[in-house]
> 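Sending over a structure as structure tokens; questions will come in a sec.
We use all heavy atoms of the structure for the numbers below, so side chains are in, but hydrogens, waters and symmetry mates are not. To find a chain, count down the sequence lines: A is the first, B the second, and so on, and within it residues start at 1.
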There are 2 protein chains.
Amino acid sequence: MKIDEINWKILQMLQENARVALKDLAKEVGLSSPTVAERIQKMEDAGVIESYNTKVNLDKLGYSLGVYITIKIRFGQTQRFEEFILTVPEISECHKLTGRDCMLLRGVVRDPKHLEELNVRLAVYGELTTSLILNSVMDGKIYCEHF
Amino acid sequence: MKIDEINWKILQMLQENARVALKDLAKEVGLSSPTVAERIQKMEDAGVIESYNTKVNLDKLGYSLGVYITIKIRFGQTQRFEEFILTVPEISECHKLTGRDCMLLRGVVRDPKHLEELNVRLAVYGELTTSLILNSVMDGKIYCEHF
DNA sequence: GCTGAAAAGTCCTATAT
DNA sequence: ATATAGGACTTTTCAGC
């Protein structure tokens, strides 16, 4: 799919605020609303626009510790682990990586005790290495041009 | 901030689709549109709703390799690194973690050559360990209840 | 804190270039 | 492929409960 400068601008604005009005997008890029709507529709159909999400601040809801956990899955447990991890509410990301500790998890917990409890649940499937997020310098940047 | 069952439902629907119409939210939770609008406004003001984002599929735009990179920052380079990393278009997340290799980066590149080129730019600031994302089992799950 | 109705604003569809 | 305009729909405002 070809993304011209206008579509990059539209993508940039949608990334900044998914609820922006068509009319404002249209004004910004210098096209009419129907045209912008059509361009967005095409990007959705092509899968370039995957979804419109709302970022919830879990810290404000009492989940103040962010964690990354690597797990070296025990032999033969991979499939069972992948099914299990989908059901764990504390975990929001699970990536299979190259390297020794092949699974990387991102999660959120209320406090150290909650983390310990989460670790126990996960440890069934393999050896864990847990790191706390001390500070997120950047989290979910906007892509607005080719690089 | 107190999040009752209705607000959780609203948050859940907004996380699934940030562009959902107020009218549909209202119908789903059994309240009028103005009430739902007011509840959303309050959650925005309280910082519980942080932002409305659009997820762009970078794979479809030619950036087919996702990577996690840990970097052990050279002594004294932390601040310079944190300023630098904000300007690197390939990197979308940067977290300071507990543990030995204190910075975790998430990025996206076109191909191995592009990755090599990115690594060279980053290696100025410390020792790198790069892992490719082979498969994302889960990426950005929806939180829809207390746990 | 919620509702309902009216006003304001936005979006969609059809038509035209 | 884009623009314009009218009608349809959605959101917001506000008086009242």
> D4(B) CG to dG1(C) P: how many Å, rounded?
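For the pair D4(B) CG and dG1(C) P, the rounded distance is 10 Å.
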> Write down the distance between NZ (K23(A)) and P (dT11(D)), rounded to a whole number of angstrom.
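Rounding to the nearest Å, NZ of K23(A) and P of dT11(D) are 15 Å apart.
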> K27(B) has an atom NZ; how far is it from atom C1' of dT10(D), in whole Å?
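It works out to 13 Å between those atoms.
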> Out of dC11(C), dT3(C), dT4(D), which has the shortest distance to the side chain of T35(B)?
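Selected nucleotide: dT3(C).
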> Do F147(B) and Y63(A) have their ring centres less than 6.0 Å from each other?
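Yes, they do, as the ring centres are separated by less than 6.0 Å.
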> For the pair made of CG in D24(A) and P in dG9(C), what is the distance, rounded to whole Å?
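So the CG-P distance, D24(A) to dG9(C), works out to 13 Å.
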> Rounded to whole Å, how long is the line connecting atom CD of E38(A) with atom C1' of dA14(C)?
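E38(A) atom CD is separated from dA14(C) atom C1' by 14 Å.
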> Are the side chains of V137(B) and H95(A) in contact, using a 4.5 Å heavy-atom criterion?
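H95(A) vs V137(B): side chains apart.
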> Want to settle it: does L31(B) or R19(B) sit nearer the 5' end of DNA chain C, counting the closest nucleotide to each?
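The answer here is L31(B).
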> Whole Å only: how far is the CG atom of L25(B) from the P atom of dT10(D)?
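Spelled out: CG on L25(B) to P on dT10(D) is 13 Å.
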> Tell me whether E117(B) is salt-bridged to K113(B), with the criterion being a basic N under 4.0 Å from an acidic carboxylate O.
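Result for this pair is no, no salt bridge flagged.
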> Regarding R39(B), tell me which of base, sugar-phosphate or nothing describes its non-hydrogen contacts under 4.0 Å with the strands shown.
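Since only primed, P, OP1 and OP2 atoms lie under 4.0 Å of R39(B), the category is sugar-phosphate.
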> Report the residue (K42(A) or V20(B)) whose heavy-atom-nearest nucleotide on DNA chain D is the more 5′ of the two.
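The residue closer to the strand's 5' end, by nearest nucleotide, is K42(A).
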> What is the nucleic acid contact for S33(A), judged by heavy atoms within less than 4.0 Å: base, sugar-phosphate only, or nothing?
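Answer is nothing: S33(A) stays at 4.0 Å or more from every strand.
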> Round to the nearest Å and state the distance from Q41(A) atom CD to dT2(D) atom P.
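Rounding to the nearest Å, CD of Q41(A) and P of dT2(D) are 15 Å apart.
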> Picking from dT13(D), dA5(D), dT2(D), which would you name as closest to the side chain of P34(B)?
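Among dT13(D), dA5(D), dT2(D), the one nearest the side chain of P34(B) is dT13(D).
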> Taking atom OG1 of T78(A) and atom OH of Y125(A), what is their separation to the nearest 0.5 Å?
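T78(A) atom OG1 to Y125(A) atom OH measures 11.5 Å (nearest 0.5 Å).
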> Between atom CG in L22(A) and atom P in dT11(D), what is the gap in whole Å?
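So the CG-P distance, L22(A) to dT11(D), works out to 13 Å.
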> Is the closest basic N to carboxylate O distance between R106(A) and D139(A) below 4.0 Å?
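Looking at R106(A) and D139(A), the cut-off is met.
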